[in-house]
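Just below is one structure, and these are the notes that go with it.
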Amino acid sequence: MAEQESALFPTYSRYPLTLVKGEGSRLYDDTGKEYLDFMSGIAVTALGHAPKVVKEKLVAQLDELWHVSNLFSTPNPEKLAKLLTEHSSADAVFFCNSGAEANEAAIKLARRYNQKVLGNDRYEVITFHQSFHGRTLATLTATGQDKVKEGFLPLPSGFVHAPFNDSAALEGYVTDKTCAIMLEMIQVEGGIIEADPAFVDEIVRLCEQYNLLLIVDEVQTGLCRTGKLFAYEHYGLEPDIFTLAKALGSGFPIGAMLGKAKLKPAFSPGSHGSTFGGTPIATAAALATVEIMLTDKLADRATELGNYLVDKLQVALADISWVNEIRGRGLIVGIQCAGPVADEIAAIHLQGLLVISAGPTVIRLLPNLLVTKEDIDTAVGIIAGVLSAKETVNAVK
Ligand SMILES: *Cc1c(COP(=O)(O)O)cnc(C)c1O
């Protein structure tokens, strides 16, 4: 639909495609054209589109109960919280509806733990340049990118931005008001930049020395995508708080904020809440999703298929000088190019492969966790074709 006819606020610059159906790794537009999906709704549809087991659980739940409010107990949120805490460093879960809300809850919990349990007046959260934490006023303030803040002044106070992967500088950002350090183990929106192990060690050391809470934003990296159930596992650490959303419900909206037992007393009845947080339906989708991830060992699969994808790209793009680097972990893979990639992404879409960018110069690949080697071969062929055509044009210039 043309922009001027749309009754939606123009908050997105949409690709010129109208998608009407999805099945597994395939999407179909309104003309019936088929696409291979290597973006998964931005790391959401981790089991592919309309996964059968999740759909069955959802349909069964739709027959039973949709919504009663959090003033009553229902079985699914309890089961899901148990499953998530059994398989993580966390002991308690708060359910909400999105990544931004999960991070908002994390920030509120960090402040409230300090003010109500420790009895101090600390509130500052250190976050990092190029980070992305969401679009609410607090989480866009936490985000280390100016573009998301334009026109939204005044911003809430209490956020300090430090350079990412700069161990020497970090301690200088700690003040007597600091209550937490918050980071993504891989800054995905920021260009697919992994946290250095030595930098993470320094964060852990500072958290111990100054009694700060360690908050890990796993909204995009969590739930098997990096080759572990949670990306923090690659670093052998246990965050005090971490957050989930994107892949949790296979496309059904749900977010979660998870924390250690010592944080439980910081929230009391009425201190935080959400009308839709953890409805029977959303948690049915999430339960089915996480159960499959665990029983089918999809973290290991992400490692194996991610390595296969990177190896294939290394070979196929080896002679393209415009490609500077191929990097990633598990099934988060980035192709770092020497210039803006918007035109190449449009050309790749035309060839029937859906990919996105991560920052202006990185082509980001996020296939679902069940992607086949055959589909990877197809995708690599399309990307190599488009990027070598670009190389030829550059050579002629
Ligand atoms: C997507 C994302 C968010 C925001 O999640 P929403 O569901 O869009 O609110 C926060 N943090 C990270 C790392 C993300 O990738």
Side-chain angles (χ1 to χ4, degrees), residues 9 11-14 39-46 94-110 125-145 147-149 152 159 161 164 180-195 200 214-226 228-232 234-235 239 241-258 274 276-279 282 285-286 289 328-334 355-359 362 364-366 368:
F9 273 109
T11 47
Y12 308 99
S13 100
R14 296 184 205 271
M39 55 183 280
S40 304
I42 319 183
V44 169
T45 52
F94 174 82
F95 290 117
C96 51
N97 312 288
S98 67
E101 274 180 77
N103 287 334
E104 189 88 20
I107 294 160
K108 286 181 74 176
L109 179 60
V125 179
I126 298 175
T127 67
F128 296 97
H129 297 167
Q130 311 98 228
S131 61
F132 184 80
H133 298 297
R135 301 289 194 157
T136 63
L137 276 173
T139 58
L140 76 81
T141 308
T143 293
Q145 304 184 36
K147 65 179 185 200
V148 304
K149 307 182 190 196
F152 295 121
F159 296 92
H161 300 96
F164 195 59
I181 299 178
M182 176 164 163
L183 79 156
E184 301 148 270
M185 306 315 302
I186 304 175
Q187 293 186 322
V188 189
E189 298 298 322
I192 312 190
I193 305 165
E194 280 197 43
V200 175
L214 174 55
I215 305 175
V216 178
D217 180 341
E218 294 265 6
V219 168
Q220 189 155 177
T221 53
L223 299 165
C224 301
R225 186 152 283 281
T226 69
K228 299 274 188 196
L229 186 55
F230 306 112
Y232 69 74
H234 292 291
Y235 296 82
I241 301 173
F242 70 96
T243 54
L244 299 174
K246 289 193 164 83
L248 187 53
S250 282
F252 205 96
I254 178 169
M257 188 276 295
L258 301 92
S274 163
F276 293 120
T279 64
T289 302
R329 195 173 269 272
L331 285 169
I332 297 180
V333 174
V355 298
I356 35 172
S357 61
V362 177
R364 169 171 34 159
L365 308 180
L366 301 165
N368 68 58

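Atoms within a ligand are numbered from 1 in the order they appear, just like the ligands themselves.
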Is Thr45 reaching over with its side chain to a backbone N or O of Gly251, donor-acceptor style, under 3.5 angstrom? no
Student check: side-chain heavy atoms of Gln220 and Ile42 closer than 4.5 Å: yes
Are any of the side-chain heavy atoms of Phe159 and Ile107 separated by less than 4.5 Å? yes
Neighbouring residues of ligand 1, heavy-atom cut-off under 4.0 Å: Ser98, Gly99, Ala100, Asn103, Phe132, His133, Gly134, Glu184, Asp217, Val219, Gln220, Lys246
With sequence neighbours left out, what residues match Glu184 under side-chain hydrogen bond (donor to acceptor under 3.5 Å, both in side chains)? none
Does Ile254 reach the side chain of Leu244, with side-chain heavy atoms less than 4.5 Å apart? no
Roughly how far, to the nearest 0.5 Å, is the CG atom of Asn103 from the OG1 atom of Thr143? 8.0 Å
